[in-house]
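Read the structure below first, then the notes.
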Amino acid sequence: MRFCRSFSPLLAVCVFVAAPAFAGVGSSVGIDTARELAHAAPDAGLRDELRHDVASSLARQGYGAAARAEAAHLPPGRHAMVLLELAAHLPDLRSKEAEQLALDAQTAKALTTDWRKARVAHLLAVAYARQEKFAAAIALAHTVPDTEEKASALQAVVAHLNRAGEVAQARELAGTIEENRRYGTYRQKAAALADTARTLHARGNPDDAATLLAQAELLLPKKPGWSDGAAYRDVAVAAYRCGRKDLAFALLTRAEALAQQIAGPWKVTELTRVAAAWRDCADASRAAALLSGAADFLQTLQPLDRAEEALALAQGWARAGESPGGKDRALATMNAVLGEAARAGNPETWRKPRVRALLASAELAGK
């Protein structure tokens, strides 16, 4: 994800004198500014991308009518993704409205001809699993054409089966996920097995939980790369929930080491994810230290890289809660991006960062 700089004075005037596009929507100035910037993007591809961002953000904030209006102008794949984002944030995930949104997304999926077809199929499988229509969810997951995307869809369905108490079916489905070393799908299988293990343990079956946890651990590579960090984190958190704090801390320490070895900008994102896992394992102080380290590393990056990774850090601070002032730090991180965008000499280069920072700030302010 890249971010955006300041826009022209003329556009700024248009943004603030025009009638608000989302009357009644909280943080309307920031949202309207983001919307105007998205609509004014000179490149059609970027314009669709940013309008998708705006629509998805509105969906997450619960502004269904505004999200639908924005999504109506998007290509089918992006339109479907926004509809499914809306469905995911309805008060009743199994309502008639949720069902209709899934059906509308199915129609849009049929019209999708690019790589987003696989992503929409994945998201549809999750939507049906959320509605506890598991037969449809599993069938859809198996239709996903991309190997890694298919594994992720199956992993997500397993998680919903576990939440619904369908543990036997979750266990069976987790076992079917392909252990493909080329595409790394052992990661999704490990996560699915680990999730089922923690569910079994919580339901009073520690022996079977231990068996599945051991299977998940065996899938972790002995010489991992940074991209294996997610699997290490997932198994670690499950181990903690299963009472295996020793294993949890060992795996998280390994995941942290993998993140620390990264030289590229995405080190910030990985550190925030490890911080979230430490917090899930009841070590808030270590989580906070990692976020502070990520913030320090962020300052060493080039401006556009810094803007891109700032969103991940802001999300990390927000998840940390009010101790140690998580929301305030999250907003400050986004404000820093907006300040840098305002000072930038090339507004077009910073259009995307600015839109995403404005949307993130609006979402954070509303929480």
Side-chain angles (χ1 to χ4, degrees), residues 1-6 30 53 224-237 240 248-346 349-365 367:
M1 300 167 94
R2 287 219 168 245
F3 284 62
C4 45
R5 265 183 201 176
S6 60
D53 287 345
W226 72 265
S227 57
D228 294 308
Y232 272 79
R233 296 191 302 269
D234 289 336
V235 178
V237 173
Y240 183 83
F249 293 169
L251 293 174
L252 274 188
T253 299
R254 191 78 181 274
E256 183 176 327
L258 290 172
Q260 294 287 10
Q261 290 168 9
I262 297 171
W266 61 95
K267 177 177 182 175
V268 175
T269 295
E270 286 300 300
L271 287 174
T272 62
R273 290 170 176 168
V274 178
W278 276 118
R279 196 164 49 253
D280 287 343
C281 293
D283 196 335
S285 61
R286 192 157 183 174
L290 274 177
L291 289 176
S292 294
D296 290 341
F297 182 75
L298 186 72
Q299 298 310 311
T300 70
L301 300 178
Q302 293 298 311
L304 285 173
D305 287 334
R306 182 163 60 245
E308 179 176 343
E309 290 298 309
L311 179 57
L313 181 60
Q315 292 169 337
W317 282 125
R319 285 192 295 266
E322 289 306 316
S323 177
K327 182 175 178 179
D328 290 342
R329 295 193 187 199
L331 286 168
T333 301
M334 287 296 89
N335 286 338
V337 173
L338 292 171
E340 193 158 25
R343 295 188 296 272
N346 187 341
T349 302
W350 279 74
R351 185 182 297 273
K352 188 190 297 187
R354 186 180 173 99
V355 168
R356 290 179 170 169
L358 285 165
L359 294 173
S361 295
E363 290 187 46
L364 288 165
K367 291 181 180 178

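Just so you know, residue 1 is the first one in the sequence shown, and it goes up from there.
- Taking Ala330 as the reference, Ala314, Trp317, Ala318, Leu364 meet the side-chain contact (heavy atoms from CB on, under 4.5 Å) condition, with sequence neighbours excluded.
- Minimum heavy-atom separation, Ala294 to Thr272: CB-CG2, 4.5 Å.
- Put simply, the side chain of Leu311 reaches to within 4.5 Å of the side chain of Met334, judged on heavy atoms.
- To the nearest 0.5 Å, atom OG of residue Ser292 and atom CG of residue Leu298 are 12.5 Å apart.
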Practice task
Give the intermediate values and the outcome of side chain to side chain contact (heavy atoms under 4.5 Å, CB included) for residues Arg356 and Asp53.
Solution key: CA-CA 7 Å; Arg356 290 179 170 169; Asp53 287 345; 2.6 Å; yes
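- Applying the salt bridge (charged side-chain N to carboxylate O under 4.0 Å, His left out) rule to Arg319 yields no partners; only residues at least two apart in sequence or on another chain are considered.
- Summarising the geometry of Ser361 relative to Asn335, their closest heavy-atom pair is OG-OD1, 4.5 Å, with the distance given to 0.1 Å.
- Side-chain contact between Glu270 and Arg233 is present, with heavy atoms from C-beta onward closer than 4.5 Å.
- Annotation: salt bridge (charged side-chain N to carboxylate O under 4.0 Å, His left out) contacts of Asp228 (sequence neighbours excluded): Arg187.
- The side chain to side chain donor-acceptor pair (under 3.5 Å) search around Arg279 returns none, not counting sequence neighbours.
- When atom types are taken as modelled, the side chain of Arg343 and the backbone of Gly339 share a donor-acceptor pair closer than 3.5 angstrom.
- For residues 257-269, the side-chain hydrogen bond (donor to acceptor under 3.5 Å, both in side chains) pairs, not counting sequence neighbours, are Thr269-Glu309.
- In this structure, the side-chain contact (heavy atoms from CB on, under 4.5 Å) partners of Arg286, at least two apart in sequence or on a different chain, are Thr253, Glu256, Trp278, Asp283.
- The CG atom of Leu338 sits 11.0 Å away from the OG1 atom of Thr333 when rounded to the nearest 0.5 Å.
- Atom CD of Gln302 sits in a sparse spot, with 12 or fewer heavy atoms from other residues, nucleotides or ligands closer than 6.0 Å.
- The two residues Val337 and Ala357 come nearest to each other via the heavy atoms CG1-CB, 3.8 Å.
- Across Ala248 and Ala236, no two heavy atoms sit closer than the pair CB-O, 3.2 Å.
- Listed here is the closest heavy atom pair of Ala275 and Ala287: O-CB, 3.2 Å.
- Among all heavy-atom pairs drawn from Leu252 and Cys281, the shortest one is CD1-SG, 3.8 Å.
- Taken from CG in Asp280 to CG in Asp234, the straight-line distance is 10.0 Å, to the nearest 0.5 Å.
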Exercise for the section: Applying side chain to side chain contact (heavy atoms under 4.5 Å, CB included), run through Leu271 and Leu291 and close with a yes or a no. Expected result: CA-CA 7 Å; Leu271 287 174; Leu291 289 176; over 6 Å; no
